[in-house]
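Count residues from 1 along the sequence. In this text the structure is predicted, and so the values were computed from the model without any measurement.
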Amino acid sequence: MKINTRIRQIILISLLFIGLILFISFTSPKTLPLPFLVLPFLALYTALFLSLKVIVTSYRARTRTKTIVAGLLSSFPVLLLVFQSIHQLTMKDFLIIFGLITIIAFYLSRSEFIQ
């Protein structure tokens, strides 16, 4: 049963990445309406989140902790990509995003509502 679930997850992740590549390849940001400009970032976040969640399932930790780790690690490259796409990514922004994610991870690891 667990193998079938893992295979389904890998197929879903693969389809997300393929769909993202096809969407980016065959569309132009200049002609897309605003809601569709956000779609690649959401798809990338979802694909990274699911990929990392499959990877961290082998570690011995609580399910909530695994979900938080996957969410934080997948938000880092997506935020960097958002800043780069609006030509605002500098070393200062990189350090701010890294610091924020580190602080959020520390806070969530110490909070009681997660346990």
Flag yes if [X] and [Y] sit in one hydrophobic cluster, no otherwise; membership is Ile, Leu, Val, Met, Phe, Trp, Tyr, and two members link when side-chain heavy atoms are under 4.5 Å apart.
{"X": "Leu12", "Y": "Phe17", "answer": "yes"}
{"X": "Phe98", "Y": "Ile68", "answer": "yes"}
{"X": "Ile24", "Y": "Leu16", "answer": "yes"}
{"X": "Val69", "Y": "Leu52", "answer": "yes"}
{"X": "Leu48", "Y": "Leu80", "answer": "no"}

From [X] atom [atom1] to [Y] atom [atom2], the distance as rounded to the nearest 0.5 Å:
{"X": "Leu100", "Y": "Leu72", "atom1": "CG", "atom2": "CG", "value": "11.0 Å"}
{"X": "Ile96", "Y": "Met91", "atom1": "CD1", "atom2": "CE", "value": "12.0 Å"}
{"X": "Gln84", "Y": "Ile86", "atom1": "CD", "atom2": "CD1", "value": "9.5 Å"}
{"X": "Ser75", "Y": "Leu44", "atom1": "OG", "atom2": "CG", "value": "11.0 Å"}
{"X": "Ile13", "Y": "Ile10", "atom1": "CD1", "atom2": "CD1", "value": "6.5 Å"}

Closest contact, heavy atoms only, [X] versus [Y]:
{"X": "Gly71", "Y": "Ser74", "value": "O-OG, 3.2 Å"}
{"X": "Val78", "Y": "Phe41", "value": "CG1-O, 4.0 Å"}
{"X": "Ala43", "Y": "Leu20", "value": "CB-CD1, 3.9 Å"}
{"X": "Pro40", "Y": "Phe23", "value": "CG-CE2, 3.5 Å"}

Thr67 vs Phe49, side-chain contact (heavy atoms from CB on, under 4.5 Å): CA-CA, chis, key distance, verdict: CA-CA 8 Å; Thr67 304; Phe49 175 76; 3.7 Å; yes
query: Going through the distances and angles, do Thr27 and Thr31 end up as a side-chain contact (heavy atoms from CB on, under 4.5 Å)?
result: CA-CA 8 Å; Thr27 58; Thr31 59; 6.0 Å; no
message: For Phe83, is the CZ atom crowded, meaning more than 12 foreign heavy atoms sit under 6.0 Å from it?
response: no
task: Look at atom CZ of Phe36 and say whether more than 12 heavy atoms of other residues, nucleotides or ligands are closer to it than 6.0 Å.
output: no
query: Hey, would you say the Phe94 and Phe76 ring centroids sit under 6.0 Å apart?
result: yes
- request: Taking side chain to side chain contact (heavy atoms under 4.5 Å, CB included) as the test, write out the residues that go with Leu79, two or more places apart.
  value: Ile97, Ile101
